[in-house]
Amino acid sequence: MMPIRRHLLLISNSTLHGGGYLEHCQEHILKFLGTQVKRVLFIPYALHDRDSYAKTARQKFEALGYGLDSVHESPDPVDAVKKAEAIFIGGGNTFRLLKALYDSDLIAAIRKRVLEDGVPYIGSSAGTNVATVSINTTNDMPIVYPPSLQALHLVPFNINPHYLDSDVNSKHMGETREQRITQYHEELDTPPVLGLREGCLLLVEGDKATLLGITKARLFVRGKSPSEHEPGHDFSFLLG
């Protein structure tokens with residue numbers, strides 16, 4: 001069996017309150033991509049205006065010293081993935097993103113590049129959602145219908161980006177994020193869900209997973225009480 005060569009940087013949010021686009025995690029991105037990567041392939045499918053989105057991402061990555069190509073500008077998206085030095089999937093609507101990945105035949109191509117060829121993968125928000133088993137634990141509205149909720153399965157668990165704690169002073173009577181994840185785990189054979197609060201990210205290198213950033217994460221495992229984890233925590237057991 002071939003060893004899994006994955007290199008993933010899974011970010012909860014693209015913009016942190018008080019900062020610019022990817023500013024809160026740019027040092028992590030620089031360290032993650034290093035000097036070997038020269039160009040990044042951006043997948044802007046989560047937003048409707050792909051040109052504008054690509055422009056925003058290009059400005060940021062060029063400021064960090066990397067060229068950026070957007071897959072929507074390529075006549076052959078699968079070929080663009082096959083030639084990519086690194087892949088970045090940005091945030092937006094997770095259903096729109098996953099449908100476009102299926103429509104463009106990119107699911108298998110991305111999986112091969114990341115899991116077999118070791119190409120670095122950066123996901124932010126929706127881009128983090130699709131890196132997991134499924135998009136069942138996204139926060140987004142199903143504005144379009146992908147052929148399946150099964151995602152890239154780069155890791156064997158789910159993530160809830162932008163995880164939000166309930167406000168004890170709020171008069172809002174809707175379900176909390178924790179209640180919704182608990183409902184998900186009422187179904188059989190549902191994987192763990194890692195709630196990534198804004199400001200935190202997960203680094204996955206092969207079979208090692210480490211929480212990075214400035215906020216804690218909340219882990220939900222079916223049949224167990226949720227647990228809190230500080231930055232630096234080793235989540236490698238979730239990859240087993």
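Owing to the predicted nature of the structure, the values given are computational and were not obtained by experimental measurement. In what follows, residues are counted from 1 in the order of the sequence shown. Side chains are part of it too, since the values below use all heavy atoms of this structure and drop only hydrogens, waters and symmetry mates.
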Checklist line | Asp117/Arg5 salt bridge by N-O under 4.0 Å criterion | finding: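 No.
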
Next item on the list: In plain terms, say whether Asp165 and Arg177 are close enough for a salt bridge, that is, a side-chain N and a carboxylate O under 4.0 Å apart.
Entry: no

Drop me the distance from [X]'s [atom1] to [Y]'s [atom2], to the nearest 0.5 angstrom.
X      : Y      : atom1 : atom2 : result
Leu8   : Leu154 : CG    : CG    : 5.5 Å
Glu85  : Lys38  : CD    : NZ    : 8.5 Å
His162 : Arg197 : NE2   : CZ    : 14.0 Å
Ile11  : Leu22  : CD1   : CG    : 6.0 Å
Leu152 : Leu98  : CG    : CG    : 7.5 Å
Phe235 : Leu194 : CZ    : CG    : 5.0 Å

Next item on the list: Please report the C-alpha distance between Val71 and Tyr45 in whole Å, then the side-chain angles of each, then the deciding distance to 0.1 Å, and finally whether the side chain to side chain contact (heavy atoms under 4.5 Å, CB included) criterion is met.
Entry: CA-CA 9 Å; Val71 75; Tyr45 292 162; 3.5 Å; yes

Next item on the list: State which residue, out of Ile159, Leu149, Asn158, Asn129, fulfils the side chain to side chain contact (heavy atoms under 4.5 Å, CB included) condition with Thr138.
Entry: Asn129

Checking [X] now: which residues fulfil salt bridge (charged side-chain N to carboxylate O under 4.0 Å, His left out) with it, not counting sequence neighbours?
X     : result
Lys31 : none
Lys99 : Asp103
Glu62 : none
Lys82 : none

Any heavy-atom pair between the side chains of [Y] and [X] that's under 4.5 Å?
X      : Y      : answer
Pro156 : Leu238 : no
Phe157 : Leu239 : yes
Asp79  : Ser74  : no
Asn139 : Asn160 : yes
Leu16  : Glu198 : yes
Pro192 : Phe237 : no

Item checked: Intermediate values then yes/no, side chain to side chain contact (heavy atoms under 4.5 Å, CB included), His185 and Val221 -> CA-CA 8 Å; His185 278 147; Val221 178; 5.6 Å; no

Note to self: Working note: His24 + Asn13, criterion side chain to side chain contact (heavy atoms under 4.5 Å, CB included); need CA distance, chi angles, decisive distance, verdict.
What the structure shows: CA-CA 9 Å; His24 72 99; Asn13 53 303; 3.8 Å; yes

Note to self: I need the single residue from Asn136, Thr132, Thr137 that forms a side chain to side chain donor-acceptor pair (under 3.5 Å) with Ser134. Which is it?
What the structure shows: Asn136

Return yes if some donor-acceptor pair links the side-chain N/O of [X] with the main-chain N/O of [Y] below 3.5 Å, else return no.
X      : Y      : result
Arg96  : Ile143 : no
Ser70  : Glu73  : no
Ser148 : Gln150 : yes

Please report the shortest heavy-atom distance between [X] and [Y], naming the atom on each side.
X      : Y      : answer
Ser125 : Gly91  : CB-CA, 3.9 Å
Val155 : Val204 : CG1-CG2, 4.3 Å
Ala126 : Asn93  : CB-C, 4.4 Å
Ala100 : Arg50  : CB-NH2, 3.9 Å
Ala217 : Leu196 : CB-CD2, 4.1 Å
Tyr121 : Ala131 : CE2-CB, 3.8 Å

Next item on the list: Can you run down the ring-ring contact (aromatic ring centres under 6.0 Å, His included) pairs that involve residues 68-110, sequence neighbours left out, and say none if there aren't any?
Entry: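 Matches after skipping sequence neighbours: Phe42-Phe88, Phe61-Phe88.
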
Please check if [X] and [Y] belong to a single hydrophobic cluster, counting links between Ile, Leu, Val, Met, Phe, Trp and Tyr side chain heavy atoms closer than 4.5 Å.
X      : Y      : value
Leu212 : Leu30  : yes
Val78  : Val40  : no
Ile122 : Ile110 : no
Val133 : Leu101 : no
Leu41  : Leu10  : yes

Notebook entry, point to check: If you look only at pairs with a residue in residues 214-224, which of them pass as a salt bridge (Lys or Arg N to Asp or Glu O under 4.0 Å), with sequence neighbours excluded?
Noted result: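 Checked against salt bridge (Lys or Arg N to Asp or Glu O under 4.0 Å) - neighbours excluded - the pairs reaching residues 214-224 are Glu178-Arg218, Arg218-Glu228.
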
Next item on the list: Could you name each residue pair satisfying salt bridge (Lys or Arg N to Asp or Glu O under 4.0 Å) that touches residues 230-240, not counting sequence neighbours?
Entry: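 For residues 230-240, and leaving out neighbouring residues, the salt bridge (Lys or Arg N to Asp or Glu O under 4.0 Å) pairs sorted by first residue read Lys208-Asp234.
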
Next item on the list: Fit a plane to each ring of His229 and His233, take the angle between them on a 0 to 90° scale, and name the class: parallel (under 30°), tilted (30 to 60°) or perpendicular (over 60°).
Entry: tilted

Check: Sequence neighbours excluded, which residues qualify as ring-ring contact (aromatic ring centres under 6.0 Å, His included) partners of His28?
Finding: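 Result, ring-ring contact (aromatic ring centres under 6.0 Å, His included) vs His28: none returned.
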
Next item on the list: Please list, chain by chain and in numerical order, all residues satisfying ring-ring contact (aromatic ring centres under 6.0 Å, His included) with Tyr66, sequence neighbours excluded.
Entry: none

Notebook entry, point to check: How does the hydrophobic cluster around Val193 look, that is, which other residues are in it when side-chain heavy atoms under 4.5 Å mark a link?
Noted result: Tyr163, Ile181, Tyr184, Phe220

Notebook entry, point to check: Tracing side-chain links under 4.5 Å among I, L, V, M, F, W and Y, which residues wind up in one group with Leu188?
Noted result: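 For Leu188, no cluster forms, as it stays isolated from other hydrophobic side chains.
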
Check: Under the side chain to side chain contact (heavy atoms under 4.5 Å, CB included) criterion, do Leu97 and Asp140 qualify, and how do the steps go?
Finding: CA-CA 11 Å; Leu97 168 59; Asp140 299 330; over 6 Å; no

Note to self: Would you say CD of Gln183 has more than 12 non-hydrogen atoms from neighbouring residues, nucleotides or ligands within 6.0 angstrom?
What the structure shows: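 More than 12 heavy atoms, drawn from other residues, nucleotides or ligands, come within 6.0 Å of this atom.
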
Margin query: Holding to side chain to side chain donor-acceptor pair (under 3.5 Å), I want the full list of residues that pass it with Asp69, two or more places apart in sequence or in another chain.
Written below: Arg39

